[in-house]
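Below, chain A is the first sequence line, B the second, and so on; all start at residue 1.
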Amino acid sequence: MTFFGAPVYFLAVALFALGIFGFLTRRNAIVVLMSVELMLNAANLTFLAAARGTAHVHEASAYAIFIILVAAAEAAVGLALVLALFRIKQSTDLDVASDLKG
Amino acid sequence: MSDDLLRFAPIALPIAGAVLGMLLEALLRKPKVAMWLTVASLAGSIVSVFGGATGLAGYGSELYTLDAAGGILTAGASAFALLALFLSVNYLKPQDDEFPGEIPILLALVPAGIGIIAGARHAMMIFLGIELLSVPLYALVALRRANAAAVEGAVKYFLLGAFAAGFITFGMSLLFASEHSLDLDALRAAAGRSPVAAAGTALFLAGLLFKLSAAPFHFWTPDAYEGAATPVTALMASTTKIGAVAGLLKITPLLPASAWPALAAIALLSIAAGNFGALLQDRVKRILAYSSVAHAGTILLALAAGLSAADPALAADLHSAASRASVYYLIAYGASAFGAFGIIAILERGGDRFRTIGDFRGLSRRQPAAAWLLTFFLLSLGGIPPTGGFWAKYFVFATAVQAGQLWIAVAGIILSVVGVAYYLRIVATCFMASEDAELGAPPQGKVPLPALLATLAAGVGVLVLGFAPAELLGLIGR
Amino acid sequence: MSLLPLIPLFPLVGAAACAILHARTLAARRRDAGAAQNERVVGAIATLAIVASFAVSVAGFFIIQHEPERRVAWIVSNWIPTGGQTIDFGFVLDPLSSVMCLVVSGVGALIHMYATGYMRGDKGYARFFTYLNLFVAAMLILVLADSLPILFIGWEGVGLCSYLLIGFWHENMKYAEAGQKAFVVNRIGDFGFLLAMFGAATWCVDAAGKGSFQFAAINESVLAGHVEPWQVTVIGLLLFVGACGKSAQLPLYVWLPDAMAGPTPVSALIHAATMVTAGVYLVIRMHPIFDASVLASSVVACVGAATALFAATMGLVARDIKKVLAYSTISQLGFLFLGAGCGAYDASFYHLVTHAFFKALLFLGAGAVILAMHHEQDLFKMGGLKRALPLEYRTMFVGAAALAGIPLMSGFFSKDEILGGVLAGRPVFGNEQINLVLYVVGAATALMTAFYTFRLIYLAFEGESRSNEHPHANPASMTIPLAALALLTIAAAALGLPSVFGEFKPLEHWLNPVLELGGESGNAAKAHGLSHSAQWLLLGASAAIAMIGYSLARATYGGGLAKSRARAEAMPGIYKTLVDRWYVDELYHAVFTKTLRLAGVVAGLFDAYVVDGAVNGVAASAKRAAAAARGLADGKLQSYSLWFGAGAVALVAAVLLLI
Amino acid sequence: MNDWILPLLVGIPALGALAVALAPAKRDGLFSLALLFCAAEAALAIFTFTKFDGTNPNEQFSFSRPWFALPTGAGEAVPVAFHLGIDGLSLLLVALSGLLAPVILLSAKGHIERREREFLVWSLVMIAGMQGVFLSRDLLLFYFFWEISLIPLYFIIGIWGGPRRVYATVKFFLYTLAGSVVMLIALLYLAYNFGTVAIQELSTKDIPVRAQLGCFLAFALAFAIKVPMVPFHTWLPDAHVEAPTAGSIVLAGVLLKMGTYGFLRLGVGMFPAAAVQCGPWIAGIGAAGIIYGSLLAYGQSDMKKLIACSSVAHMGTIVVGMFALNAAGLRGGILQMINHGLSTGLLFLLVGVLYERRHVREIAEFGGLAQVIPAFAVVLTVATFSSIGLPGLNGFPGEFLCLKGAFDASPLLGAAAAVGTVLGAVYMLSMLRRVAFGPITRGENQKLIDLNGREWASAIILLIPMVWIGLQPSLFIKPTEPAVDLLISQIEKGRRSLALENGASLKIANAGAAETGKSGGRR
């Protein structure tokens, strides 16, 4: 079944991989948050792509909305935390946050 | 009609309490109201679980139904949240200018999230439960905004948590892509058929393992535990694992039975990483954090065993044995960990002195009661009878032996002996300091009553579990 | 016959009484240092206990006359239930043990009386008599036992008392070391005895296949041939190892010379009359084993002969009066084993009895001399005591004459019987010539014995006094036993005149039931029987040997010390080695004590570094792993997420692989 | 039927611990309260010994309450019961533990100056744990008490011990724990594969030989560490040297016996075929242990370490006796367990007496004590001779039977084990000589005071049974005989099933190819 062969899944997996790569390599907190958003959107894409042309399209869109909603909540709290970190450390570079170790 | 209300009560009450608490607190500016509201709602949640909220059919039951084990987990989480609330009542006041009002609201949401996961019959419900559990915790960890460690811990916890969320969602999407449904029963029926579904489950699993703080996903735990205020750490230690295991109990069956070695490997890796991590630690909270990683590994041993049966008849038995063992373990471990952090919270009384093992030198002469109680909790964490921790360890390894994994059980239990070493180090520092050793200054101020009650409650829980494991076993079994 | 347990019971009660008195004295002394000891009461209790026991033995001696096989037993059954062969606490009074009882309690009583005088003024007076009574009790248990384990109880009991008594003056570390040496060497012997006991119990089975510890059963089983030859030999040899330990034969004799550290009555009682003869008693009691195994009995004979010769040589040059007597005891015991080894059990038992009398006499005499000379024991510092101590001189002369084997003395007849037994006895290792060689060795030993005995007499009593001490007279309580023993020594001759003077051998007839167990093989010497002419020849030879020894001693030491010194220097090499006791002590010390101490240190090091090292190594490697684990958590979010990603990828890969 | 005795045997010290923990009294009040409980415990123990029916081989006074059930899936579950029972094998050990209770207290009064309350609580918990181990007839309960009894000694050594106490106590705790967790796995294996954890049932079930071997080795590891057998013994000298006197008495007196008792009840009792298979090896290691322990003891300069090493040798004798697997050896092993408890307990008591006065344990520090403190010297001499097995004292019957058992099993083994008697005499007597005899070398020794009333009391409590066993061994051996004969029948069963097993494998081997093939099961 060529179903899985469809190019859209390659895009989704690429997005997901890009998100992971961004999360691992970037040091700026904001960019890291953005790469998480990328990963979440990769999931959305897969949901919608999978449900295209089937009876489950409403179900898939509901899940996508859920994920977007959760992403928003996370972003809110995340940015608040990054702000708090910035106020203390005057930098959004995540290497600054490495006092706790061992 | 009343059935529907009763079925959702365990999760509805805390959420309602939280929302109402926020409104009242905004309007009336009196934090005490929010606190009592939360206490009431959490108590209501516990009562409703035992009042028959489990196993009810009816509206929405295909999305959310609380079974006996799920009920125990929700009630346990609510109880630990309640105790954490008592623990933190006047913990923060002295030197922080924060509104204590936030604490009860956030505390109420955590058990709600766990309740959702415990009753979830749908993958998305699990994901929502995890988010509802995690986001308040990120905030709670960073409660003391001025404190660099707290914020750093929170940021790390948050970012890795978000990372895990990414994996979970992408995993779910793969599941949906291959099975066109996220209903857990349907997914379980299709377990092991398509590689995409298996990959999806694996990704979902990775997220849950992060939550469980199993190795190699555990690196956030020490920093988060150390950064957070002690009552919050107590909450995290006792509840995050409940949520993770609730999720794992529903997701692992989705894996093909032949995949159990992967879980077993992670389990042994966690026990080793946790125990060896803690062996040379000097800061007590990091020791208990690494010990929680080891305990996560032990629970995983049971789950791996639960998964390992090929033929369906034995599979059902093993899975019920695994869930029984892990639920018992969560409650016993939760109570012990909560108790240990409770003692530290009482000793610290908001100050910052009882951080390293050195601060505990000769504690048995300054605060004998605290020393003896701490020893009791540590022995339970070490799995030494007559504490609840012993039976928890016993049931987990019983499941592993029942599944025929003798050598894994032996490896696991030998590694757990390494674990006992660092608990003994703390006990030794408290009791066996030489006469002339100069002792840390005694904590000033009187012992806060609610915190004391919370810790004693945890102690009674561990003692009861120690001498009479049948009661809880019965409850879970039914 | 419930009288039997009384024999050992009296001394036990005596020992307990003395112990209580000693404890009271100690308590009194703690209050005020000078508290007087009730020496008189203690002495009386102790001596009476032994006399009572002697009386019961005499009564027993007459009672068993009328018993069918002259045998009376008393048993407490199932003393130690072993699940196999039962061990009953049983005593038996038969001809052999009754004579031994008489000798032990008789000589014991005399020595106790002597000791009341000898030990006067010693601050451990009551303690001394506690141990002495305990010793006699243990010896009586040993003699009366009817099975090997009960004999073993007496055996180790006497070992304990000899340990306590040798180290009696424990303030002096040398004496304490001597006591320990005695016990350890005895223990080495007991090791052999223990294994022999187990061997006998398992191998010597009766017709029904059931083993037993009883002498009667074991002997019967051996005679009935239920036991393979090699097993009999092994049991025999192991028994002999035990006997060597107790009766100070080669190579386990080293403890006896040092045992002279104990008070002289102890040397007389334990190291002359009773304990050291226990080994011979054992061999005689288990003689069917030695009859059945040629190898075992031959070893006994040869070791006996070798010890006799070897000890005699050392006796020639010893300077300490008690050491001379100690070497002579070892030598005479060698004689006993020589006789027993050749099958002349009644001869060696006869010599055992006579030796008990005259050796006890000599020791007590030596004690009197030492006491008179204010604890001077070196012969070269004595001399001319004949005038000062007339009674001691005469009694010791009688003892010396008996020991040397001067004709018509009891020692002469008993030693001659043994030498006769050797010649006519069972061929050692199966060929006659060896018997001849052993006879020659025996004769040489007899010669040396005569020489050193009279050397002692002349050095101590003849010539002018070489010390500025002026000897004082000894109390009556010491001289009476001397006289009594002298009479006994003389009378003992009557116990076993050679058959050439007519068949008057009361001791031999008396022992027949015990020694006739094996029928013909029981008493080999009697069966062959030397022709009259051979016996006369033998008697003449023994007499000649004794007289030569006497005159040689008189010649060398008669004229005072100076001349004898010159002769000794004439052969420096031999003299030196003899004085240094063939360097045996140094050899033992180097071989045993040093290696054992070294092994202890090596074991300690091995234990600390290897075995314990392994345990600590495990802990250290755990710590190293812990350090590595800590290193991973470097606090950087990137590395955490790296681990997270790697973990996720690995998990997915694993699941996919394992489907 | 009087099934109240056994729960009380465990209950009295436990209640005592609770009472002492909560009692408001001060130092002496606490001691007398604790002593009261210990005296009751001792009385009950002696009462149990007298009322024990010596002819009945199986357990008596059994007390059993269901505790909980371990669900094993498919509906049924493994019943776990709080099941106490006493029989020939555990009778003497229960009596000894009861008897030692007052001794521990009396000796502790002398040298425990600080935190008495905690010490008394831990000692009483210790006694309860010990009795629990000897009385439990359910494997899980056995394990429960087995690990509980570790904690009190951990604290006793840790808090009141010598300079290196923390190292010693952690080493003791972890070493024993590592062994016992492996036992837990075997225990679980039995629970799931044979559906029961009751020792009685498991002994009657005929477990396949291969499974028996696996479980036996797992149990054997835990017990070998506890006994301790030679390669696993390095924790004992450290624990003894650092432990306070009372701790040493209870450690040497009873704790080591849990290992040998475990070997007997769980090793030989439940896995006879494996016991027969491994018997010669374990007996061999035991014999090597005797010699190695003796050499170790000979090289020691610290009096307490010397006695600790001597315990390694003595326990070796017990193991040799037991694993001779015959009537004499088993009887000897059981009797020697309490003999070692009594004589080594007394020796440690006496070392404690010296330590309380001179605060030093080096043998060189003493010398000529017989002149200064004669009473002490007499008791030390009696204890020394009892420990090297002098007839008339308790050491002889036990050691005699062990060696006889070993000899019956194989003369070579008997000879090797008997060497221990000679070596024992060497190092014990040299210690006695250097301590009690010879001139007084140190000035401080002049002013030593002799045994006081308390020390005499605890010494006499030990001396009476020591002499009694020496004079009347049958009184103590007879009650154990039926249980031993039952064990022998187990061993025979094991031998038969082993022969069957080897026989079967032999037939296969023969059927496969014509080859020499070793004969059937080794004896």
request  = Name, in order of residue number, those residues of residues 136-147 of chain D that have a heavy atom at a distance of less than 4.5 Å from a heavy atom in chain B; otherwise write 'none'.
outcome  = L140(D), Y143(D), F144(D), E147(D)

ask   = Counting heavy-atom pairs under 4.5 Å to chain D, which of V427(B), L424(B), V401(B) comes out on top?
value = L424(B)

request  = For R164(D), enumerate each residue passing the side-chain hydrogen bond (donor to acceptor under 3.5 Å, both in side chains) test, keeping only those at least two apart in sequence or located in another chain.
outcome  = none

query = Would you call R115(D) and S364(B) a side-chain contact if the rule is heavy atoms closer than 4.5 Å?
reply = yes

inquiry  = Could you measure the distance from the CZ atom of F82(D) to the CZ atom of F467(B)? Nearest 0.5 Å is fine.
reply    = 9.0 Å

note = The interface call for L150(D) against chain B, heavy-atom contacts under 4.5 Å, is neither

query = Which pair of non-hydrogen atoms, one from L174(D) and one from A421(B), has the smallest distance, and what is that distance?
reply = CD1-CB, 3.7 Å

ask   = Where is the tightest heavy-atom contact between K393(B) and V181(D), given as atom of each residue plus distance?
value = NZ-CG1, 4.3 Å

request  = Please check if atom CZ in R114(D) has more than 12 non-hydrogen atoms from other residues, nucleotides or ligands closer than 6.0 Å.
outcome  = yes

inquiry  = Is Y154(D) in contact with chain B via its backbone, its side chain, both, or neither, using a 4.5 Å heavy-atom distance?
reply    = both

remark   = Checking heavy-atom separations under 4.5 Å from chain D, one finds in residues 383-391 of chain B G383(B), I384(B), P385(B), P386(B), F390(B), W391(B)

ask   = So Y394(B) and L187(D), side chain to side chain contact (heavy atoms under 4.5 Å, CB included) or not? Walk me through it.
value = CA-CA 10 Å; Y394(B) 175 82; L187(D) 186 150; 4.1 Å; yes

inquiry  = Is T375(B) in contact with chain D via its backbone, its side chain, both, or neither, using a 4.5 Å heavy-atom distance?
reply    = side chain

task = Rounded to the nearest 0.5 Å, what's the gap from CH2 on W160(D) to CE on M432(B)? Could you check?
result = 9.0 Å

key: For chain D, which residues of residues 407-414 of chain B have heavy atoms nearer than 4.5 angstrom   = A409(B), V410(B), I413(B), I414(B)

key: Residue L318(B) versus chain D: region with a heavy atom under 4.5 Å   = neither

request  = Tell me, out of I159(D), V166(D), I185(D), who's got the most heavy-atom pairs with chain B below 4.5 Å.
outcome  = I185(D)

